[in-house]
Amino acid sequence: ILESMGCELIYFSPLRDKQLPDGIEGMIFGGGYPELYAQQLSETRSMLMSVRAALEKEIPCLAECGGFMYLQERLEGSDGKIYDMAGALFGKSYKTEKLRRFGYIILSKGTVFGHNVGNITAHEFHYYESEECGHAFTAKKPMSTRGWECMISTDTILAGYPHIHYMGNPQVAEAF
């Protein structure tokens, strides 16, 4: 969807690269399992500094689940040790004993990069929790009364545990 809107995607690896690619105008940190690579991610100091510097320059950033965990101050690795991460967002992500949230959700009452885009369809699946999951959106389970606050949203960052379905609301990609 981003490419169809004119974006050129440039791939990089927080594990293998020393810094972000030159000239980027946005960053996407998708899901994954950073807890499996927490020590290596923490040791890639130049990349962590590059990410923080880009965010300080207000380069737009989407970060979902594992990407959200990577942007926080600390992360509990799968080995049970605590590792420093990018430090761009407050908090620590830590392992819980059970699946925290699973399934489809509708995100409402929030803004994306300063734009009101309406409801956003998303999905969550994680065993980790965070000291600060955000309060920018209300997540609701369809066909249920369950709901909770989530996501950090600023004029330049949209981050949280939900994986957003961009075709479910293309305005999210447009705002990015």
Side-chain angles (χ1 to χ4, degrees), residues 1-12 14 20-21 23-32 34 48 50-75 85-93 99-176:
I1 190 169
L2 292 171
E3 287 178 315
S4 72
M5 293 178 174
C7 291
E8 176 189 359
L9 301 182
I10 300 169
Y11 296 91
F12 66 94
L20 293 168
I24 62 169
E25 296 177 0
M27 299 178 288
I28 300 173
F29 292 97
L48 294 170
S50 180
V51 168
R52 274 195 309 268
L55 290 169
E56 287 169 6
K57 290 178 186 171
E58 299 187 337
I59 291 179
C61 179
L62 292 166
E64 301 175 339
C65 202
F68 166 63
M69 294 161 60
Y70 176 72
L71 291 184
Q72 291 189 310
E73 294 171 309
R74 292 173 309 286
L75 168 64
M85 290 291 118
L89 300 175
F90 171 79
K92 173 182 77 175
S93 286
L99 188 60
R100 298 302 298 172
R101 295 191 183 87
F102 171 75
Y104 296 107
I105 56 174
I106 303 294
L107 300 171
S108 63
K109 300 182 183 170
T111 61
V112 175
F113 302 108
H115 301 277
N116 186 349
V117 300
N119 290 344
I120 302 169
T121 54
H123 179 268
E124 283 194 49
F125 178 91
H126 55 95
Y127 285 87
Y128 273 65
E129 191 57 85
S130 172
E131 294 173 339
E132 180 54 68
C133 289
H135 306 282
F137 285 86
T138 300
K140 294 223 183 233
K141 297 283 290 175
M143 303 172 63
S144 170
T145 58
R146 286 187 54 217
W148 56 92
E149 290 183 342
C150 64
M151 303 291 287
I152 294 168
S153 181
T154 70
D155 287 346
T156 57
I157 296 174
L158 181 62
Y161 280 113
H163 294 267
I164 294 171
H165 178 46
Y166 299 103
M167 290 300 289
N169 185 337
Q171 291 180 29
V172 174
E174 289 169 8
F176 175 67

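Computed from heavy atoms alone, side chains included, the values below leave out hydrogens, waters and symmetry copies.
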Once side-chain contact (heavy atoms from CB on, under 4.5 Å) is applied, do any residues pair with Leu2, and if so which ones, sequence neighbours excluded?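 If we apply the side-chain contact (heavy atoms from CB on, under 4.5 Å) test to Leu2, skipping adjacent residues, the hits are Cys7, Leu9, Ile28, Ala173, Phe176.
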Check side-chain contact (heavy atoms from CB on, under 4.5 Å) between Thr156 and all other residues, then give those that pass, not counting sequence neighbours.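 Expected list: Glu58, Thr154.
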Is there a side-chain contact between [X] and [Y] in this structure, where contact means two heavy atoms from C-beta onward sitting under 4.5 Å apart?
{"X": "Pro162", "Y": "Ile120", "answer": "no"}
{"X": "Tyr104", "Y": "Thr121", "answer": "no"}
{"X": "Tyr70", "Y": "Leu48", "answer": "yes"}
{"X": "Trp148", "Y": "Lys141", "answer": "yes"}
{"X": "Met85", "Y": "Met69", "answer": "no"}

Would you confirm whether [X], through its side chain, and [Y], through its main-chain N or O, come within 3.5 Å as a donor-acceptor pair?
{"X": "Asn169", "Y": "Asn119", "result": "yes"}
{"X": "Glu73", "Y": "Gly91", "result": "yes"}
{"X": "Asp155", "Y": "Ile157", "result": "no"}
{"X": "Ser50", "Y": "Leu20", "result": "yes"}
{"X": "Arg52", "Y": "Ala86", "result": "yes"}

Nearest heavy atoms of [X] and [Y], plus distance in Å:
{"X": "Pro14", "Y": "Phe29", "value": "CG-CE2, 4.3 Å"}
{"X": "Leu75", "Y": "Lys92", "value": "N-CG, 4.4 Å"}
{"X": "Ser130", "Y": "Ser93", "value": "CB-OG, 3.9 Å"}
{"X": "Lys109", "Y": "Thr138", "value": "CD-OG1, 4.0 Å"}

Measuring from atom [atom1] of [X] to atom [atom2] of [Y], what distance do you get when rounded to the nearest 0.5 angstrom?
{"X": "Ile152", "Y": "Tyr161", "atom1": "CD1", "atom2": "OH", "result": "10.0 Å"}
{"X": "Ile10", "Y": "Ile24", "atom1": "CD1", "atom2": "CD1", "result": "7.5 Å"}
{"X": "Leu71", "Y": "Met27", "atom1": "CG", "atom2": "CE", "result": "7.0 Å"}
{"X": "Phe125", "Y": "His163", "atom1": "CZ", "atom2": "NE2", "result": "9.5 Å"}
{"X": "Ile105", "Y": "Leu107", "atom1": "CD1", "atom2": "CG", "result": "4.5 Å"}
{"X": "Phe68", "Y": "Cys61", "atom1": "CZ", "atom2": "SG", "result": "11.5 Å"}

With salt bridge (charged side-chain N to carboxylate O under 4.0 Å, His left out) as the rule and sequence neighbours excluded, what pairs involving residues 120-137 come up?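 Passing the test, one end in residues 120-137: Arg74-Glu131, Arg100-Glu129, Arg101-Glu129.
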Under the side chain to side chain contact (heavy atoms under 4.5 Å, CB included) criterion, do Gln171 and Val112 qualify, and how do the steps go? CA-CA 9 Å; Gln171 291 180 29; Val112 175; over 6 Å; no
